[in-house]
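The next block holds one structure in the form of structure tokens; read it before the comments.
Each chain gets a letter, A, B and so on, in the order the sequences are listed, and its residues count up from 1.
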Amino acid sequence: MYKQIINIKTQTPKIIIRTITTTTLTTCITSLQTYANQTNLTQGQKLHSHMIINGFLASPLSVTSLINMYSKCNHIFDAYSVFNMSNEPNVFAYNAIIAGFIYNDMLKPAIRVYEKMRGEGVNVDRYTVPCVVKAFSGAGDVFGLKRVHGLVFKVGVNDDMFVGSSFVHGYLKFGMVEEGYKVFEELPERDVVLWNAMINGYAQIGEVDNALECLRKLRGDGCVMSRFTVTGVLSVLTLKGDVWNGKGVHGLVTKMGYFSGVAVCNALIDMYGKCKSFRDALDIFEVMAVKDIYSWNSIIGVHQQSGDHEGTLKLFDRMLRDGSFCPDLVTVTTVLPACSHLAALRHGKEIHGYMITKGLGNHNGEDRADDTYINNAVMDMYGKCGSMKEAQLVFDHMGGKDSASWNIMIMGYAMQGFGNEALDVFSKMCETNMIPDEVTFVGILSACSHSGLVKKGQEFLSQMKSKYKVIPTVEHYTCVIDMLGRAGLLKEAYGLISEMPIEANSVMWRAFLAACRVHGNGKLAEIAVRKVVELEPEHCGSYVLMSNVYGATGRYEEVFDVRDNMRQQNVKKTLGCSWIEFRDGVHVFGTGDRAHPAEELIYNELRSLYMTMGLSQTT
DNA sequence: GTAGGGTTAG
């Protein structure tokens, strides 16, 4: 039928006017609905030009259909210009453009149009409400949501299932369980969508038991589960770490044929990943027929969670090379910590470069929490990779700094040994009225520790509570113990451990022990090492330390005792490991490891270094 | 002609 219409274009205008009838108009509209998907834009545009030529645009029906067609083809600006050109748009046109903006992830414009609609006195109906609710809840505007809810009773659409489920979803998203439940209770029936809104809503705010209770009731009601139910249930099981029932759902998914749903598979990948069943997650990813950006992001997340940072970077490269999916904010946030862990500066820089070209993390002027978060991750990466200059550049240029941004800079400078720079950042942080928190002081105290600023460090520790209202934790004391120990003030450090109001942990004793060994205090070292073993008997390093301490003071009998003890308790020494980023990738070396292809060259170089340093070779 | 419920990072 539409072929006939398109052929009209080649005929003369006179014939067209005679040919166009109401039937043709209806056909145009029907065809527009067919073309309202992302692949048929050209056909839709052809119809649009016909409608212009033949004066169809006066029809409110065509306006709505065109808006819908352009929206679903992701040409929202064309949809909006059709809307703007129409004369006094009716409720259909308003609903279509609001829905269009939401379809294209533009929530704020959707809200603006809705407000215009109210201002113009166009009546809101049961189609308008679910869209607007979605926009308000998506934009985090709880007051907007409540205003619409008031309106719903006035308009008399409070019994509508679409309206009701959108509010259930909206309220639960804000953690307003009572309000959500009230809407749920007052609805005339309970369909699968409503149940899903309850299950997913509870899942999102972590109310696992309520979500599972809804699942039971849904089945008790004789409702048939849908794909949406499956993803909701999977996210609950993921939260519970319940891989056993997760496997059950996996079986059900296969049986019901839901496996063809991308989101269902993505949720399965996520569930297996978070439950540490990495093999199962990888298997699903490989056999999935259709993948989307979630699938990639999820599988990258699986590698990141399994601690396989190299694998994470390799997958990111695969994603870039493959070209089917553009890494987005989530991808970058997942991959950057892998660079930080590996101190893989080159990869980190590449990702940062990619972000700049794609405008990720930079929505000029719009204060987005996501932008702050991602820029913090970039700064952290540069800091951990030792490039404070770059970290500082990102910091200077980013808008919307939060306390984490300041803390990352302080910690970055501290770790690289730039104590005074760290303290400068701290002063500026206080000048901008940003309130320092626990993390800030961990940074400040490590800065003092790494740069030997003993007096300053002691001052900060005493001012923390009185001046900044932050109560020192074991981490803060550990920094100070470390600081005193490095400066050789062993007695002061020991005194602080005895006097402080909290119990010392193994990390603290370990830091103290290291200082005792460096400064050659065997007596205090013995006290420390006993504490370390007492607090962490399962940690292999404790025994190694103990035998080293006894060895250093010449007490070889004790050394044998410790080694014997280790054998009896079946404690094995885990291998030390280091890595370096060089040209084509990250190279990992274990203790005594001879697996590297350039092993001979490396060990020759090592031997000559030992010679230069006047040391005998020990490895 | 217009509408509700889903999965990924921290």
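- Counted within 6.0 Å of CD on Glu88(A), heavy atoms from surrounding residues, nucleotides or ligands total 12 or fewer; the atom is thus considered open.
- Here dG10(B) presents its P atom at 17 Å from CG of Asn375(A), a figure rounded to the nearest Å.
- Between dT2(B) and Gln33(A), a contact under 4.0 Å exists linking OP1 or OP2 to a side-chain N or O.
- Aromatic ring centres of His149(A) and Phe167(A) lie closer together than 6.0 Å.
- Across dT7(B), dT8(B), dG10(B), the shortest atom-to-atom separation from the side chain of Tyr373(A) is found for dG10(B).
- No more than 12 heavy-atom neighbours from other residues, nucleotides or ligands sit within 6.0 angstrom of CE on Met85(A).
- Look at Lys274(A) and you won't find any side-chain N or O under 4.0 angstrom from OP1 or OP2 of dT7(B).
- A donor N or O paired with an acceptor N or O is not found under 3.5 Å between the base of dG6(B) and the side-chain atoms of Ser235(A).
- Interface remark: the Thr64(A) side chain does form a donor-acceptor pair with the dG1(B) base, using a distance-only criterion of under 3.5 Å.
- At dG10(B), none of the side-chain N or O atoms of Gln304(A) fall inside 4.0 Å of OP1 or OP2 (strictly under the cut-off).
- Distance from the side chain of Tyr127(A) is smallest for dT2(B) among the nucleotides dA9(B), dT2(B), dG4(B).
- In this structure a side-chain-to-backbone donor-acceptor pair under 3.5 Å is missing from Asp270(A) to Asn266(A).
- For Asp370(A), the listed nucleotide lying nearest its side chain is dA9(B); candidates were dG6(B), dA9(B), dG5(B).
- Remark: Lys173(A) is not in phosphate contact with dG5(B), judged by side-chain N or O atoms under 4.0 Å from OP1 or OP2.
- For Lys134(A), a side-chain nitrogen or oxygen approaches OP1 or OP2 of dG4(B) to under 4.0 Å.
- Evaluation of atom-type donor-acceptor distances gives a pair under 3.5 Å for the side chain of Ser165(A) against the base of dG4(B).
- Checked against dT2(B), dA3(B), dG5(B), the side chain of Phe92(A) finds its nearest nucleotide in dT2(B).
- Proximity of residues 146-163 of chain A to DNA chain B (heavy atom under 4.0 angstrom from any strand atom) is restricted to Asp160(A), Met161(A), Phe162(A).
- Using a 4.0 Å heavy-atom cutoff across all strands shown, Lys72(A) reaches sugar-phosphate atoms only and no base atom.
- Between the side chain of Asn68(A) and the main chain of Ala36(A), no donor-acceptor pair closer than 3.5 Å is present.
- If you take CG of Leu239(A) and P of dT7(B), they are 10 Å apart, rounded to a whole angstrom.
- His341(A) pairs with exactly one of Lys384(A), Met381(A), Glu310(A), His309(A) by the side chain to side chain contact (heavy atoms under 4.5 Å, CB included) rule, that one being His309(A).
- In this structure, of dT7(B), dT2(B), dG1(B), it is dT7(B) that holds the atom nearest to the side chain of Gln204(A).
- Distances shorter than 4.0 Å separate some side-chain N or O of Asn68(A) from OP1 or OP2 on dT2(B).
- Counted within 6.0 Å of CD on Gln204(A), heavy atoms from surrounding residues, nucleotides or ligands total more than 12; the atom is thus considered enclosed.
- A donor and an acceptor atom never sit less than 3.5 Å apart when one is taken from the side chain of Asn376(A) and the other from the base of dG10(B).
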